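Here is the structure we will look at.
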Amino acid sequence: MADVKKARPEPKPPQMDVEAFWTAAEREELLIKECQDCGEPHFYPRMVCPHCLSDRVEWKAVSGRGEIYSYSTLMRKGQPGHTIAFVRLEEGVTLMSNIVDADPQGLSIGQPVRAVFRKLKEDGPTLPLFIPV
Amino acid sequence: MTLNGKAYIVGAYEHPTRRADDISVARLHAEVAKGALEDAGLSKSDIDGYFCAGDAPGLGATSMVEYLGLNVRHVDTTECGGSAPILHVAHAAEAIAAGRCNIALVTLAGRPRAAGASLVLKAPDPDAPDLPFELPFGPATQNLYAMVARRHMHEFGTTSEQLAWIKVAASQHAQHNPHAMLRNPVTVEEVVNSPMISDPLHRLDCCVMSDGGGAVIVARPEIAAQLRRPAVKVMGAGEAQKDGQAGQIDLTYSAAAWSGPAAFEMAGVTPGDIKYASLYDSFTITVLIQLEDLGFCIKGEGGRFVADGNLISGHGRLPFNTDGGGLCNNHPANRGGMTKIIEAVRQLRGEAASAVQVPNCDLAIASGIGGALASRHTAGTIILGRE
Ligand SMILES: [Zn+2]
C-alpha cells in the first residue's frame with residue numbers, strides 16, 4: 001500500500017431508512033437516533049436500536065457541537081488534502097466527518113468544533129462538516 | 001470444544017512473484033495450491049475441504065473448486081478481509097475435529113499491482129447501511145489507520161520514531177529474503193523523513209502493494225504424523241470483531257484484545273512463552289496496537305516495547321515478521337493474513353532464512369486485522385507449536 005489513491009467513490013444517499021437525516025442536513029440540522037425503550041443514542045442511524053433491538057428509535061436533533069476525537073489529513077502531491085476526523089458530539093456519539101476552514105497543522109485532539117452544512121460536490125448531498133469554534 | 005491438537009498445518013507455500021502481469025487470479029490460486037500440496041507431499045485428490053475468501057475470483061469457493069477440479073465435502077468462504085486465512089485455519093481445525101473433512105486447502109491470491117488497482121473500493125453496495133455516513137467524507141484506507149496512530153500518540157505519548165522502529169525491524173529481516181519487494185534496511189530517520197501520507201503516518205509506515213499469494217494445508221493429526229514435513233500443531237484460535245460500536249468509538253484498542261486472550265487460553269500458554277510473532281502489518285500502527293492487545297506489553301507501552309530493535313530477530317526479545325512482513329516483503333491481494341501464517345510455519349519448521357531463524361522456535365503466534373482499524377474489522381489469532 002505504497003501509494004495514496006483517490007478517495008473512495010460515494011454511495012448515493014438518501015436511502016429510504018435515513019432520508020430524514022439528509023433532508024435535515026439541507027435545513028442545517030444534525031440528527032442522531034435515540035431509543036425510546038433503552039434511552040441510548042446511536043450513530044450511524046438505524047431502524048432498530050443496536051443496543052436493545054427495539055424498533056422504537058426516534059430521530060433527535062442535536063446541537064452540532066462536539067470535539068475532535070482523532071483526525072488525519074491525507075496528503076496529495078505533497079500538499080495537504082482534506083482532513084478526515086472522528087467528532088465526538090456533546091450528546092455522546094462519535095461520527096466521521098471532515099474538518100474544514102482550518103489549517104490542518106493547527107488542529108488538535110479535544111479541540112471544540114461545530115457543525116456546518118455544505119455540499120462538497122455540486123450534485124452531492126449536503127453534508128455535516130465541522131469547523132473549529 | 002478446544003481445537004488444541006485437533007489439526008496440523010502440513011503444507012505451506014508462498015508464491016515467489018510480487019508482480020503478476022501475465023498470471024490470472026485463478027491461476028495464482030492454482031499455483032499456490034499446487035505449491036502447498038507439493039510441500040506437504042499430498043496430491044489434489046487428497047483434499048476434501050476448501051477455504052478461500054473474497055480475493056478468490058467469481059463465486060469464490062464455487063468457482064475455485066471447479067477450476068482446481070477438487071472433490072470436496074466441506075467448503076468455507078468466511079470473508080473478513082486480510083485476516084480471513086487465519087480464521088480459515090481455525091475453521092479448518094473445527095471442521096476436521098467435527099469429522100467434516102480430513103485435509104483442508106486454504107488459498108489466497110491476487111494481482112492488484114499488475115491490475116493497476118488502487119485502494120478505491122468498487123462501486124459500494126447500495127444497501128450498505130454504514131457507508132453513506134463515511135464515504136462522502138472521502139476517507140482513504142491510510143486515514144483509517146492514521147487516526148488510530150494519532151489517538152495513540154495523544155493518549156500514551158507514542159512517537160513517530162517509535163512507530164518507525166517497526167519498519168526498521170521488518171527491513172532488517174527483509175534483506176535476507178530474496179523475494180522481498182523492499183530489501184534495503186532503513187533507519188528510523190529514513191522512516192520519519194519519508195513523505196507524509198496521512199499524518200502522522202509516513203510512506204514508510206505503510207506496507208507494500210504486491211501480487212501473488214500463498215496457501216496452507218491443514219490436516220487431521222493421524223495424517224500429519226504420516227507426512228514427511230515437520231508438523232505444526234494448531235494449539236489455539238480466537239476471532240473477534242470491533243466496529244463503530246453504535247457511536248461509542250474507542251480507537252485505543254483493536255479486536256485482537258478479544259481474539260488474542262481466547263487463543264492463548266485455548267493453547268494453555270502466555271505471551272511470555274511465544275518465541276516468534278507474525279503480526280499483521282498493513283501499517284506500523286497495526287503492529288503496535290496488536291502487541292498491546294495480544295498481551296506482549298500493557299496498553300500504552302507499545303511504543304517503548306518496539307523501540308531499540310526489540311522486534312529484530314537475534315537482537316530483541318520478540319522477533320516478528322522475519323520474512324520482512326507486509327511492510328517490506330509481500331502483501332498479496334492487499335491481504336496480509338496468509339503470509340503471516342506461512343512465516344510462522346517456516347519458523348516452527350526451522351526453515352526461515354538462517355540469519356533470522358529463531359533458535360529452538362517451538363511456539364509461535366499469527367495474528368491479523370482484516371477490514372479497517374478505525375472503523376470495522378475482524379481479528380483472527382492462532383497459536384502454533386512444533387511437536
Ligand atoms: Zn434501545
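Quick note: numbers below take in every heavy atom, side chains included, and nothing from hydrogens, waters or symmetry partners. Residue numbers begin at 1 in each chain, while the letters A, B, ... track the order of the sequences. Here the structure is a predicted model, which is why all the values come from computation and not from measurement.
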For atom CZ of A:R114, decide whether the heavy atoms of other residues, nucleotides or ligands shown that lie under 6.0 angstrom number more than 12.
-> no
Top contributor to chain B contacts, counting heavy-atom pairs under 4.5 Å, from A:S70, A:P128, A:G81, A:G78 = A:S70
Who among A:T83, A:I84, A:V93 has the most heavy-atom pairs with chain B under 4.5 Å?
-> A:I84
Which atoms of A:L129 approach chain B - backbone, side chain, both or neither, heavy atom under 4.5 Å = side chain
Short side-chain donor-acceptor distance under 3.5 Å, B:N329 and B:E14 = yes
Using non-hydrogen atoms only, which part of A:I109 is less than 4.5 Å away from chain B: side chain, backbone, both, or neither?
-> both
Given that the side chain runs from C-beta out, which part of A:P104 has a heavy atom under 4.5 Å from chain B: side chain, backbone, both or neither?
-> neither
Do B:N330 and B:S210 get their side chains close enough for a donor-acceptor pair, meaning under 3.5 Å?
-> yes
Give, as side chain, backbone, both or neither, the part of B:P195 having an atom under 4.5 angstrom from any heavy atom of chain A.
-> neither
Taking the six-membered ring for Trp and the single ring otherwise, decide whether the centroids of A:F21 and B:F133 are under 6.0 Å apart.
-> yes
Where does B:A374 contact chain A at under 4.5 Å (heavy atoms): side chain, backbone, both or neither?
-> both
Against chain A, label B:D250 side chain, backbone, both or neither, depending on which of its atoms sit under 4.5 Å from a heavy atom there.
-> both
Qualifying residue for side chain to side chain contact (heavy atoms under 4.5 Å, CB included) with B:K167, from B:V188, B:V287, B:T284 | B:T284
Using a strict 4.0 Å threshold on nitrogen-to-oxygen distance, state whether A:R88 and A:E67 make a salt bridge.
-> no
